[in-house]
Number of protein chains: 2
Amino acid sequence: MKIAPNANAARGPVTMHDVAARAGVSRATVSKYFNDREGLKADTLARIEQACRELEYVPDPHAVSLVRGRSRMVGVILPVVNEPFFAEALRAIEAKAKSLGMDVIIQCSYNDPAEEAAALMTMRSMKVAGVILTAVASTENRALLLRLEQEMRIVYLDSYVHEDCNYVMNDNRQSMAMLTRYLLGRGHVPAFLGAPPVAHPSPQERLAGYTDAMAEAGLAPHLVPASTQPSWDFEAFAFQHVLDWLAGGAWKRAGITALACGTDRLAIGAMSACRRFGLAPGKDLAIVGHDDLPISAYLYPPLTTFRQDVAAIGVAAMECLQAQLDGTDVTPFRKRFTGGLVPRESA
Amino acid sequence: MKIAPNANAARGPVTMHDVAARAGVSRATVSKYFNDREGLKADTLARIEQACRELEYVPDPHAVSLVRGRSRMVGVILPVVNEPFFAEALRAIEAKAKSLGMDVIIQCSYNDPAEEAAALMTMRSMKVAGVILTAVASTENRALLLRLEQEMRIVYLDSYVHEDCNYVMNDNRQSMAMLTRYLLGRGHVPAFLGAPPVAHPSPQERLAGYTDAMAEAGLAPHLVPASTQPSWDFEAFAFQHVLDWLAGGAWKRAGITALACGTDRLAIGAMSACRRFGLAPGKDLAIVGHDDLPISAYLYPPLTTFRQDVAAIGVAAMECLQAQLDGTDVTPFRKRFTGGLVPRESA
DNA sequence: TAATTGAGGCCCGTCTTTAGT
DNA sequence: CACTAAAGACGGGCCTCAATT
């Protein structure tokens, strides 16, 4: 066997060629070492292993992806990444991906269909092992998504586009109903403030949960009027609308004594608006949030909220991807998570 | 010119071969189209462009990376991603990368040298265009980093490992001194609570800034005693230590009337501890934070803090990478950013 | 001769087929 | 005829160099 010295040896990275030469075997054998070790003599195995260690050899992922037509990367497309929910989901996804030997490539859509489409096409060209996607609220990419689902695995996180897709999310209807019932049970008459339309369908589901619980109690829902302008500045959004709402006075006539907010960030803005209006949040007006941010327990007053298991949701998304990587398991993977109510002083 | 139909045409992705066939040119010409268009007839150009559009062709990034020995990916290694500062930095990096046609691959080190080393080796094998790294506090990987800096571009974000490396960060010493002087100027005698040792050197710099300002005023620094256990639960960390500190009483004897916290999250925990102890934060004890989180303006009391320009820091990191991608510009890129004090009611 | 385009090797692995023992 | 290992054809581009007009 004649293995010419690799021209790159001096300058470039170590290649399989180098390892083969050092171990005194062919590239094919080294390749076997990294894939199916069965049928390799212990002696050969050991020599290759040593050569790899000595040369600090790592297979070139691009070459592997090229020949395999699939990479070990997972594409994650989120509306934003600097939002507590998505940041935590990403953390969980990254951790799980690492444990599966996969790498995460992240893109933000900013809730823009065009950005989402571009990100999806990038992921496709990258031949990712799968995509974890929080779909934008618009239905503009529906057709594209249906097409892409044919050729690559897509898991929807905190969103979905049709009944048969894979999705992983909190049971928002149930959780918001639970919060609302909690308020009702304590003798309150709660109003509801939903998030700006930068997501789908979570906000709608939470609204439905609130409405459900109100209906159970024989009460008509009372919604804080709010703009439909997309915005990620939840605190400002809540502050402004709650202040206007309080000033309007309709809440008083309706006998409202509590405010259920679609997220903790909204609740924080709402509490601030209360104080500005001269009311003591948690006392003059009970307030609950949803999500249980790390800071929520330290607010004044500490925020009653619902803790959704974001990490579990992220991990499940990765597991869904993995489940259908090797095998041809195409069973739709749909998972609803639940969390728990965290009673604190704000309600 | 004879171009056989691509066997993959039916099943696999569209390749350059397909485009060439459709446009009636050779692969080489299509390749030129994507790289150096100079020297291509307008006619040829148009035919290729049309073929690309019709076939929805996108060059396979893995094939390109393989032959070029460099990918268009940027590796980002952060301690965590679900922390406001890093989440926002990542957002800015991702946005800037997108505008440069690059993709972001993210890894978390959890402040663990081993994880950091593994992430770096992954980035190296991926032949990333560059790495944006928030180095762990430990110096364990110093040698590895020095070695890797030889073969790939590394920009340190909110950290650095030696004087000659590229780094981008807030001028923490200056900003914390500014906050401290602000308190002093209002007649306060401030103590200081630093973050747990999960970063370097920001917390140390902030402490130094505090000490500087105190020295200017002829005062001895007064530090809230705190554990050196690494932790990302800043609120709990602050709550516990501030409560103990208040209970200890030394602060009273020292005439302390204010508390400067290394981050807003610490300030939130500190305010909570104050209330638990029976003091009104912002009234009985002035409190300032650092970072200006989106929620900080809506807290009670609204938090006086320092707004660091995280987005600018992230963008600068990407620009540093880009600056030395094509050219062989190896001028060290060191940038200190500054922000502004945001006075609110907590102090 | 200058301006364009084509041919074919190569990057670094994988995988099927063929050759040794 | 078992086992192992080597040979060599790809995969999808880029790039140098030669060919064509």
Side-chain angles (χ1 to χ4, degrees), chain A residues 1-9 11-21 23-48 51-52 55 57-72 124-127, chain B residues 1-9 11-48 51-52 55-72 124-127:
Chain A
M1 157 195 46
K2 51 200 152 73
I3 292 193
N6 181 353
N8 279 6
R11 43 198 171 88
V14 179
T15 77
M16 187 173 273
H17 182 105
D18 304 320
V19 176
V25 298
S26 72
R27 278 159 34 225
T29 307
V30 179
S31 179
K32 273 206 197 70
Y33 172 84
F34 280 99
N35 300 298
D36 185 10
R37 274 153 147 101
E38 304 301 317
L40 280 190
K41 265 199 296 196
D43 168 47
T44 316
L45 217 70
R47 293 214 315 286
I48 296 178
C52 285
L55 296 173
Y57 171 69
V58 179
D60 182 330
H62 296 115
V64 177
S65 298
L66 175 58
V67 67
R68 283 224 220 277
R70 276 289 141 218
S71 78
R72 293 192 67 77
R124 183 171 83 143
S125 78
M126 291 255 187
K127 299 185 169 46
Chain B
M1 154 195 45
K2 54 205 147 75
I3 291 194
N6 182 353
N8 279 6
R11 41 198 173 89
V14 179
T15 77
M16 186 173 273
H17 182 105
D18 304 320
V19 175
R22 188 161 183 88
V25 298
S26 72
R27 281 157 35 225
T29 308
V30 179
S31 178
K32 274 203 195 71
Y33 171 84
F34 280 99
N35 300 298
D36 186 11
R37 274 154 147 100
E38 303 301 317
L40 279 192
K41 265 200 299 198
D43 169 47
T44 315
L45 216 69
R47 292 211 319 284
I48 296 178
C52 286
L55 296 174
E56 288 191 308
Y57 171 69
V58 179
D60 182 329
H62 295 115
V64 176
S65 298
L66 175 59
V67 67
R68 284 224 221 278
R70 275 290 140 220
S71 78
R72 292 192 68 75
R124 183 171 83 146
S125 78
M126 290 253 189
K127 299 186 169 47

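Chain identifiers are assigned alphabetically (A, B, ...) following the order of the sequence lines, protein sequences preceding nucleic acid strands; residue numbering begins at 1 within each chain. Side chains are part of it too, since the values below use all heavy atoms of this structure and drop only hydrogens, waters and symmetry mates.
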S.K.: Please report the shortest heavy-atom distance between Leu55(B) and Val14(B), naming the atom on each side.
M.R.: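 Minimum heavy-atom contact is O-CG2, 3.4 Å.
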
S.K.: Taking only side-chain nitrogens and oxygens of Thr29(A), does any of them come within less than 4.0 Å of OP1 or OP2 of dA5(D)?
M.R.: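 No, because none of the side-chain N or O atoms of Thr29(A) sits under 4.0 Å from OP1 or OP2 of dA5(D).
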
S.K.: Which pair of heavy atoms, one from Cys52(A) and one from Val19(A), lies closest together, and at what distance?
M.R.: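 Closest approach of Cys52(A) to Val19(A): SG-CG1, 3.8 Å.
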
S.K.: From CZ of Arg70(A) over to C1' of dG12(D), roughly how many Å is that when rounded to an integer?
M.R.: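 Spelled out: CZ on Arg70(A) to C1' on dG12(D) is 15 Å.
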
S.K.: Output the distance between atom CZ (Arg47(B)) and atom OG1 (Thr29(B)), rounded to the nearest 0.5 Å.
M.R.: 9.5 Å

S.K.: Quick one: what's the B/S/- string for nucleotides 13-21 of chain D, heavy-atom cutoff under 4.0 Å, read 5' to 3'?
M.R.: BBB------

S.K.: Leu66(B) CG to dC11(C) C1': how many Å, rounded?
M.R.: 4 Å

S.K.: Output the rounded distance in Å from CG (Asp36(A)) to P (dC15(C)).
M.R.: 10 Å

S.K.: What are the two closest heavy atoms between Ser125(B) and Pro61(A), and how far apart are they?
M.R.: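 Closest approach of Ser125(B) to Pro61(A): O-CD, 3.2 Å.
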
S.K.: Rounded to the nearest 0.5 Å, what separation is found between the OG atom of Ser71(B) and the CG atom of Leu66(B)?
M.R.: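 That separation rounds to 11.5 Å.
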
S.K.: Between atom NE2 in His62(B) and atom C1' in dC10(D), what is the gap in whole Å?
M.R.: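 One finds 18 Å between C1' of dC10(D) and NE2 of His62(B), rounded.
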
S.K.: Is there a donor-acceptor pair closer than 3.5 Å between any side-chain N or O of Ser31(B) and the backbone N or O of Arg27(B)?
M.R.: no

S.K.: Do you know which two heavy atoms are closest between Met126(B) and His62(A), and how far apart they sit?
M.R.: O-CE1, 2.7 Å

S.K.: Grab the NZ-C1' distance between Lys41(B) and dT5(C) for me, whole Å please.
M.R.: 9 Å

S.K.: CZ of Arg47(A) versus C1' of dA5(D): gap in Å, rounded?
M.R.: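 Rounding to the nearest Å, CZ of Arg47(A) and C1' of dA5(D) are 11 Å apart.
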
S.K.: Specify the closest pair of heavy atoms between Pro59(B) and Val64(B), including all atoms of both residues, with the distance to one decimal.
M.R.: CB-CG2, 4.4 Å

S.K.: For Asp18(A) and dG13(C), give me the distance from atom CG to atom C1', rounded to whole Å.
M.R.: 13 Å

S.K.: Of all the heavy-atom pairs spanning Met16(B) and Phe34(B), show the shortest one and how long it is.
M.R.: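 Heavy atoms only, the tightest pair is CE-CD1, 4.4 Å.
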
S.K.: Categorize Thr44(A) for me: base, sugar-phosphate, or nothing, with a 4.0 angstrom heavy-atom threshold over every strand shown.
M.R.: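 Sugar-phosphate contact only.
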
S.K.: Over its full length, what angle do the end axes of the helix from dA2(C)-dT21(D) to dT21(C)-dA2(D) make, each axis taken from five pairs and the result rounded to 10 degrees?
M.R.: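 End-to-end axis angle: 60°.
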
S.K.: By nearest nucleotide on DNA chain C, pick out whichever of Lys127(B) and Leu40(B) is the more 5' one.
M.R.: Leu40(B)

